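What you see below is based on every heavy atom in this structure, not just the backbone, and it leaves out hydrogens, waters and symmetry mates. This structure is a prediction, so every number in the text was calculated from the model and none was measured.
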Amino acid sequence: MPRTSLAYGNEEVAAVLEEIADLSDLKGENPFRAVTFRAAARAIRDLREPLRVLMEQKRLDEIPKVGPAIAEAIEQLLTTGTSTRHQQLTKEVPAGLLTLLSVPGVGPATARVIYDNLKITTIDDLEEAAKAGRLRSLPKIQAKTEENILRSIASLRQRTGRSLLIDARAAANEIVAYLREKRDPKLISVTGSVRRWRETIGDVDVLVAAAAAGPIMKAFCEAPSVERVLARGETKSSILVARGLQIDLRVVPPASWGAALMYFTGSKEHNVRLRGLALKRKLLLNEYGLFRVGEEKTGNPIASRTEEEVFAALGMDWIPPELREDRGEVDAALAHGLPRLVALSDIRGDLHAHTSWTDGRDTVAAMAERARAKGYEYLALTDHSVGLGMTHGLNAERIRERTKEIAAVNEKMEPFRILVGTEVEIRSSGKLDYDDKTLASFEVVTASVHSAFSQEREVMTKRIVGAMGHARVNAISHPTGRLLERRDPYEVDLEAVIAAAVRTKTRLEVNGGPERLDLSDVAVRRAIDAGVMLVCNSDAHAVEELDQMEYAVATARRGWATKARVQNTMPLTELLRHLEGKG
DNA sequence: GCCGTTTTCGGCCCGACTGTTTTCAGTCG
């Protein structure tokens, strides 16, 4: 009997399928086979159920791009922890070729040439060979390619994964401001994953519409923040700025603005969907417009000037950028059934923020004033509980003092309202850090895990679900504990947490801290489908961090959340009723 | 390998830039 391999979840299976795709490319198999494996891997990452459940219910074939062959690989991975196809390929494709693929600019063909001739299998050896000038003797490789490989290795070493959205936005806004000042183009926009508000960013894309591209390109490639120009063409250039972040600029004619904006905003998969859809109608969609097939050379598109126009010509509603990931939005837009997503302007207050009473920087009054200036009706100050010593967590006496201060500030700020809150630690034992009587003295209680991250999955799940059962716990903050690019989520059965949220009417937080964005967009979607009520919070530790709310709302939007499903879109009176007895 | 107003086999999105090339393959997004 095959032993069940518990180590294999959706993510692990998707990773193996992607490796099969790479190996298949390296072996020189039909490239469309690799395309399909990658598409299946992505579909699995987007799944809102565990593969194991689908397998048990014989429903693996319901997953897009999963046919008999890939379903078999999945079953093998889930039951034995290995797949015969993967094993076969690793036997046939020399170890190390995969490593070479990770160097930007080196694809399957180049990797093959390098390996076949020099038997190189590590980045270190590749660097050494390039430095020694041994690559330039290979077919199709000359000095220029050798230099590029060296530079790619250097930036590979400099980089640590993807950029946080907040850092990428800062870089994007800086270059846009610079181009506006230098050339003042009529139409300029950040596109790509930054416009979609993805949680981490590979590179930044900027689009400009201008009759003449030359002057814009020149200004871009000579920007003060440029560390290296990667490519410089007539309509497209790429630069490298600080910390190895790449910025691409594309210039199109003004008449193509809408089509280009769509083309450079959608994820690859979303764009493939749209172009395939166009083809079925004998139409061609590219960055210049939507054309009748054969007429794309005439320069007479059916639609191109605005996104709305192009979507309409495809028979669809306009799709918010946050949804353009090919996760069902195309069909929903065709059926005119897209949800009306929650918007930042719907938010009436923030229910998770810290003050100088614990580890925040600013005072009760300063935080409240800033929240009121943002147009909020309320702000919950949820300082840490006593057990979190390093944050100077509040004991009973300091709770009373802080409550008094809040009452005084509230009196001055009416009708704006500060809510007396706490972010109570869920101890490793599962016990809350305050007794019931103390908890009852707060108007808002959000509970979270800040310790013993490495507990077993069952223990951690019981710990969190147990806290949700407490009558005074309104919400769970940053439910998975992840720190983007730094710390994985702790092991927790998110399905069980989601089910408990529905059962106990506990809200799950979408945390706007740029390094958290926890719940993730995919987890939000699962929670929304299950019927969970969310709360979008900034987790601010200083007045300006109240602006992090926009990241929480963007993440909720990416998970298809509507206004009705976000608790802090409620007016104060309704919210207070909702908080009491969990609504 | 998958899929179907192109329906069980033949096609699979599209274009820009680079480098090594005299017309194109490789890579990327």
Participant: Let's see if you get this right: which residues in residues 313-324 of chain A place a heavy atom under 4.0 Å from DNA chain B?
Facilitator: none
Participant: Strictly under 4.0 angstrom, non-hydrogen atoms only: write out the protein contact profile of nucleotides 15-22 of chain B, one letter per nucleotide from the 5' end, B, S or -.
Facilitator: SSSSSSS-
Participant: Taking the C1' atom in each of dG19(B) and dC12(B), what is the distance between them to the nearest angstrom?
Facilitator: 28 Å
Participant: Under 4.0 Å between a side-chain N or O of T36(A) and OP1 or OP2 of dC12(B)?
Facilitator: no
Participant: Looking at R198(A) and E322(A), does any basic side-chain N land under 4.0 Å from a carboxylate oxygen?
Facilitator: no
Participant: Starting at atom CD of E325(A), determine the distance to atom P of dG29(B), rounded to an integer number of angstrom.
Facilitator: 16 Å
Participant: Within this structure, what is the CZ-to-C1' distance between R38(A) and dC12(B), rounded to whole angstrom?
Facilitator: 15 Å
Participant: Checking side chain to side chain donor-acceptor pair (under 3.5 Å) for the pair T191(A)/D205(A): CA distance, chi angles, key distance, verdict?
Facilitator: CA-CA 5 Å; T191(A) 61; D205(A) 297 295; 4.9 Å; no
Participant: What are the two closest non-hydrogen atoms of A171(A) and L245(A), and how far apart are they?
Facilitator: CB-CD2, 3.5 Å
Participant: Rounding to an integer number of angstrom, what distance separates dC28(B) and dT23(B) when you compare their P atoms?
Facilitator: 25 Å
Participant: Which residue, D205(A) or L285(A), contacts DNA chain B at a nucleotide closer to its 5' end, judged by nearest heavy atom?
Facilitator: L285(A)
Participant: Using a cut-off of 4.0 Å on non-hydrogen atoms, how would the nucleic acid contact of T110(A) be classed: base, sugar-phosphate, or nothing?
Facilitator: sugar-phosphate
Participant: What is the distance, to the nearest angstrom, from the CG atom on L249(A) to the P atom on dG29(B)?
Facilitator: 16 Å
Participant: Using atom C1' of each nucleotide, how far apart are dC14(B) and dT21(B) to the nearest Å?
Facilitator: 23 Å
Participant: Counting Watson-Crick and G-U wobble pairs only, both distances under 3.5 Å, name the nucleotide matched with dT8(B), or none.
Facilitator: none
Participant: For nucleotides dG15(B) and dG10(B), find the distance between their C1' atoms and express it as a whole number of Å.
Facilitator: 24 Å
Participant: Less than 4.0 angstrom from a charged side-chain N to a carboxylate O is my criterion; do R558(A) and E325(A) meet it?
Facilitator: yes
Participant: Taking CZ from R196(A) and C1' from dG29(B), how many angstroms apart are they, rounded to a whole number?
Facilitator: 11 Å
Participant: Looking at E12(A) and R52(A), is there a salt bridge between them, counting it only when a charged N and a carboxylate O are closer than 4.0 Å?
Facilitator: no
Participant: In whole Å, measure the gap between the C1' atoms of dT20(B) and dT27(B) for me.
Facilitator: 14 Å
Participant: Under 4.0 Å between a Lys/Arg side-chain N and an Asp/Glu carboxylate O for R305(A) and E309(A)?
Facilitator: no
Participant: If I take atom NZ in residue K27(A) and atom P in nucleotide dG1(B), what distance separates them, rounded to the nearest angstrom?
Facilitator: 10 Å
Participant: Hey, does V66(A) reach any base, or is it just sugar-phosphate, or nothing, if we go heavy atoms under 4.0 Å?
Facilitator: sugar-phosphate
Participant: Does the cation-pi check pass for K119(A) over Y115(A), that is, NZ or CZ under 6.0 Å from the six-membered ring centre and within 45° of its axis?
Facilitator: yes
Participant: Between R273(A) and E269(A), does any NZ, NE, NH1 or NH2 come within less than 4.0 Å of an OD or OE carboxylate oxygen?
Facilitator: no
Participant: For D46(A), is there an ion pair with R526(A) - N to carboxylate O distance below 4.0 angstrom?
Facilitator: no
Participant: Measure the distance from NZ on K280(A) to C1' on dG10(B) and round it to the nearest whole Å.
Facilitator: 15 Å
Participant: On DNA chain B, does the nearest nucleotide to D248(A) precede the nearest nucleotide to I63(A) from the 5' side, or the other way round? Give the residue.
Facilitator: I63(A)
Participant: In whole Å, measure the gap between the C1' atoms of dG1(B) and dT8(B) for me.
Facilitator: 14 Å
Participant: Can you tell me the distance, in whole Å, between the CZ atom of F32(A) and the C1' atom of dC14(B)?
Facilitator: 12 Å
Participant: Rounded to whole Å, please give me the gap between CE in M262(A) and P in dC14(B).
Facilitator: 14 Å
Participant: Is a salt bridge present between E18(A) and R38(A), judged by a nitrogen-to-oxygen distance below 4.0 Å?
Facilitator: no
